[in-house]
**Q** 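Provided herewith is a single structure, encoded as structure tokens, for subsequent inquiry.
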Amino acid sequence: MELINILKERSSVRNYAEKKVEPEKLEKILEAAHVAPTAANLQPIHLIAVQSKEGLDKIGKAANIYGAPLAIIVCADHNKAWVRPFDNKQTGDIDASILTDHMMLQATELGLGSVWVCYFKPDVLSKEFNLPENLEPINILVLGYSNEGCVDTTRFDRARIPMEQLVSYENL
Ligand SMILES: Cc1cc2nc3c(=O)[nH]c(=O)nc-3n(C[C@H](O)[C@H](O)[C@H](O)COP(=O)(O)O)c2cc1C
């Protein structure tokens, strides 16, 4: 499928079937993260893939993961992330989000539903997974088979701001 069509196929799924994600699909999703670019190729990310009931319950203390059978906690390692020297901006969050997006789109191509979750209690998540100080959970990617039926791939003229608001050419 053309990339633009995969992008249009993706939508946030908040109702999942019980069916587990096959190991080979998880492996492909993780491979998509592995090939993602990061600032200065420092790769300051650690992923925690969670599928066990115990692990999903731990995530459930920090976030709503909509009954999904798989969640990947995307952590930025602040000891490794690139820092821009002019203003000390650290790009760990950006790197984490690129990996998250790669995984989300790979999941779409594999016929899986997903939702990107930032509405979580970071302190609870860090405690439940014994994360060291340098690892900050940035995103949770929730994955599984959708129970939501067909996606309207033509929804973007309503669901997004007009292109003229999004883009300007040459000047603001
Ligand atoms: C950075 C980010 C954080 C998000 N956090 C949440 C979240 O915590 N819970 C949730 O249900 N959806 C979350 N979403 C999903 C957005 O609400 C969703 O992408 C947006 O409404 C557009 O809908 P669509 O994904 O179906 O196209 C998040 C998306 C992004 C990109």
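Atoms within a ligand are numbered from 1 in the order they appear, just like the ligands themselves. Sequence positions, counted from 1, serve as the residue numbers for this chain. Keep in mind that the numbers below use all heavy atoms, side chains included, and drop hydrogens, waters and symmetry copies. Predicted model, so just to flag it, every value in this text is computed and none were measured.
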**Q** Please list, chain by chain and in numerical order, all residues satisfying salt bridge (charged side-chain N to carboxylate O under 4.0 Å, His left out) with D93, sequence neighbours excluded.
**A**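 In terms of salt bridge (charged side-chain N to carboxylate O under 4.0 Å, His left out), with neighbours along the sequence ignored, D93 is linked to no residue.
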**Q** Show the protein residues that qualify under the rule heavy atom under 4.0 Å from an atom of ligand 1, listing them in chain and number order.
**A**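 Ligand 1 is contacted, at a heavy-atom distance under 4.0 Å, by R10, S11, S12, R14, Y66, V115, W116, V117, C118, Y119, R155, R160.
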**Q** After noting the C-alpha distance and the side-chain angles of R158 and D152, does the key distance pass the salt bridge (charged side-chain N to carboxylate O under 4.0 Å, His left out) rule?
**A** CA-CA 11 Å; R158 288 160 278 119; D152 177 4; 3.0 Å; yes
**Q** Donor-acceptor check, side chain of Q51 to backbone of P69, threshold 3.5 angstrom: yes or no?
**A**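 Checked: no pair found.
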**Q** How would you list all residue pairs meeting side chain to side chain donor-acceptor pair (under 3.5 Å) that involve residues 22-44, not counting sequence neighbours?
**A**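 Every side chain to side chain donor-acceptor pair (under 3.5 Å) pair that includes a residue of residues 22-44, provided the two are not neighbours, is E22-Y145, K25-Y145, N41-Q43.
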**Q** Applying side chain to side chain donor-acceptor pair (under 3.5 Å), which residue pairs with at least one partner in residues 94-109 are found, sequence neighbours left out?
**A**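 Those involving residues 94-109 are S97-N139, T100-N139, Q106-E109.
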**Q** Under 4.0 Å between a side-chain nitrogen and a carboxylate oxygen: does that hold for K127 and D123?
**A**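 No.
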